[in-house]
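These numbers come from the heavy atoms of this one structure, side chains and all, not from hydrogens, waters or symmetry mates. We count ligands from 1, going down the list as the structure has it; atoms in each ligand are counted the same way.
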Amino acid sequence: MAGSHEVIFLRASRYITTAIVIMIVFVVFNTDRIKIDTNVRRGHADEVETYDDTSNNMELDIAGWDMNEQDDYVTIQSDEGKEKGQWNYDDENDFVTVETHQEDRRTQKNFGKQIGYVTVKTHQERVNQDFDDRKEYVTVLTKEWAGKNANFEAHDSHRDQQSDTTGFRQTTKTYIKELMNDMPDSQHRRGIDEEQNTTFKHTLTKTSPPISGQLLQENTPTGTLPPIHNDVSLGEKCKQRFPDVIIVGIAKSGTSALRIFLNEHPQIAAGTLRDEPRFFTGYWGKGFEWYRSVMPCSYSNQITIEKSPGYFYSEEAAKRIRNFSDKIKIIMIMRDPVERAVSAYAMYKAQGRFNGKSFADLMYMSKSGVSTEHEMIEKSLYVEHLSPWLRLWNRNDILILDGNNFKRNPYEEVHKVERFLGLKPYFTPDSFVFNEEKNKYCAKRVNGVKCLAFSKGRKHPEIPIEDITTLQRYFAPKNEALFNVIGERFNWTY
Ligand SMILES: Nc1ncnc2c1ncn2[C@@H]1O[C@H](COP(=O)(O)OS(=O)(=O)O)[C@@H](OP(=O)(O)O)[C@H]1O
């Protein structure tokens with residue numbers, strides 16, 4: 001009897017072991033997991049990062065999202081409002097993984113259709129996503145989508161109104177543009193603009209915009225301010241207002257970080273609905289009310305700031321701004337022109353532009369000497385582009401910041417802005433913390449830090465030293481001319 005029990009036991013344990021192995025194999029190989037490779041991109045529409053669509057397991061790079069809490073997660077919802085999956089934050093690797101069920105996956109396929117959209121919700125204590133750019137993308141590439149490159153275009157609906165809140169949830173509508181790269185840009189933008197307004201209005205009635213640095217309770221009455229230290233605007237409803245200050249450039253010099261950092265100041269509303277409204281250049285035809293509609297909701301004790309680095313290069317934009325209001329103050333941030341050129345080159349490379357052309361190819365173009373034919377060099381000609389601004393503005397109404405110093409010591413430069421605008425000093429050296437991993441300064445907040453996304457501060461490619469030296473020689477007299485004109489010197493060394 002004992003023997004037959006043993007046989008039964010052995011057989012049973014063999015079956016159980018086999019079953020366990022099969023289950024493990026099933027779970028490992030059939031995990032119903034879609035990892036979504038996303039890039040929440042900042043900056044220009046054509047700033048394309050590389051995507052990996054070779055794997056069924058893709059990852060969401062949330063660099064810049066600052067989802068610091070273990071229990072942070074993002075859900076994806078379909079347009080019917082059904083939850084499609086949960087993006088669990090993996091603190092270790094700065095990745096979120098999207099896991100969904102088979103059924104959801106099928107539904108997600110429909111997201112690739114023009115009509116679809118998803119809503120990305122964060123459920124963080126401190127909402128702090130970087131959906132604040134004019135154009136940011138979440139690109140989803142999965143095997144199931146059979147090579148389709150569906151780009152989710154996200155825009156900030158109200159991140160800045162909700163930052164630093166406790167208990168708030170952020171909803172950012174995310175549009176999906178199938179094969180968006182092939183889509184004409186104008187078409188692409190039209191859809192977004194319409195929705196953007198809708199979302200914003202919705203947001204204003206549904207949520208209670210806080211003042212930076214304030215902690216709000218979830219039951220704060222709609223549209224009114226909670227009791228705050230700065231009681232000038234107590235009880236006031238926020239409004240979208242035209243800007244008082246414009247950061248007009250210089251591209252690749254730290255304009256995004258400057259805007260994001262300044263937005264931390266309680267007296268500043270810089271959380272524009274587009275990272276770069278570009279109204280006085282590309283969107284002039286949209287009219288002033290459009291311009292106002294992309295401005296942040298602000299209170300009467302706040303200064304509204306927008307940044308559009310393309311303005312710097314446009315004399316027409318300078319004139320339009322001047323005619324629009326002679327009260328607008330101008331901020332420029334300038335980086336060593338050689339470093340700016342390398343930064344632009346690094347961006348082009350990341351975008352896959354210029355078919356692998358080298359830095360020297362763009363620097364010399366068809367000439368033997370340095371050529372300004374390519375914008376990589378041309379956009380570093382500060383003193384030339386500065387003239388219309390100095391002609392149209394009183395020098396005292398233009399603040400020129402040192403982009404190199406801003407990178408090393410953001411406090412010093414933002415403090416200059418506080419002085420320039422006559423604001424109460426809010427920033428201290430401790431307002432910024434250097435993030436070794438991201439290799440850049442981030443703004444400290446009540447509950448964590450605010451860093452820019454990975455496309456800012458990307459690793460620069462190695463440029464042959466002789467090209468750098470040639471460019472430095474080329475720009476040296478131009479820098480001198482610039483310093484003479486602006487009446488201050490910057491210690492620019494590459
Ligand atoms: N704190 C902090 N965080 C992130 N980025 C910072 C910061 N300080 C300076 N910078 C530098 O800003 C550079 C990008 O400049 P812009 O934002 O003006 O670029 S853009 O014109 O809007 O594309 C970007 O240039 P690259 O390093 O060449 O990518 C950054 O170095």
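- Aromatic ring orientation, Trp492 versus Phe490: tilted (interplanar angle from 30° to 60°).
- Between Ser343 and ligand 1, an N or O atom pair is found at a separation short of 3.5 Å.
- Taking 4.0 Å as the cut-off, Ser253 counts as a neighbour of ligand 1 on heavy-atom distance.
- Relative orientation of the His265 and Tyr426 rings is tilted, given thresholds of 30° and 60° on the angle between their planes.
- Residue-to-ligand polar distances place Gly254 within reach of ligand 1: an N/O pair is separated by less than 3.5 Å.
- Applying the side-chain contact (heavy atoms from CB on, under 4.5 Å) rule to Ile303 yields the partners Asp244, Val245, Ile305, Leu421, Leu423; only residues at least two apart in sequence or on another chain are considered.
- Using a 4.0 Å cut-off to heavy atoms of His460, the atoms of ligand 1 that qualify are 26 (P), 27 (O), 28 (O).
- A donor-acceptor distance shorter than 3.5 angstrom exists from the side chain of Tyr311 to the backbone of Phe280, with no hydrogens or angles considered.
- Annotation for ligand 1: atoms under 4.0 Å from non-hydrogen atoms of Phe261 are 1 (N).
- Around atom 2 (C) of ligand 1, the closest heavy atom drawn from Pro410, Ser308, Ala257 belongs to Ala257.
- Each of the atoms 3 (N), 4 (C) of ligand 1 lies under 4.0 Å from some heavy atom of Lys440.
- Not a single heavy atom of Arg340 lies less than 4.0 angstrom from ligand 1.
- The closest approach between any non-hydrogen atom of Glu276 and ligand 1 is below 4.0 Å.
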Report the C-alpha separation of Arg391 and Glu315 in whole Å, then their side-chain angles, then the decisive distance to 0.1 Å, and conclude whether the salt bridge (Lys or Arg N to Asp or Glu O under 4.0 Å) test is met.
-> CA-CA 10 Å; Arg391 210 174 49 242; Glu315 181 163 357; 2.6 Å; yes
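- Residue Ala251 approaches ligand 1 through these ligand atoms, each under 4.0 Å from one of its heavy atoms: 21 (O).
- For Ala360, the side-chain contact (heavy atoms from CB on, under 4.5 Å) criterion is met by Ser358, Tyr364, Asp467, not counting sequence neighbours.
- Of the candidates Phe427, Tyr441, Tyr411, Phe427 is the only one forming a ring-ring contact (aromatic ring centres under 6.0 Å, His included) with Phe432.
- For atom 8 (N) of ligand 1, the choice among Phe406, Phe434, Phe432, Tyr441 with the nearest heavy atom turns out to be Phe406.
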What's the verdict on salt bridge (Lys or Arg N to Asp or Glu O under 4.0 Å) for Glu488 and Arg395, showing C-alpha distance, side-chain angles and the deciding distance?
-> CA-CA 12 Å; Glu488 56 187 315; Arg395 178 69 184 86; 3.3 Å; yes
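- Atom numbering of ligand 1 starts at 1 in the shown order; those under 4.0 Å from a heavy atom of Lys307 are 22 (O).
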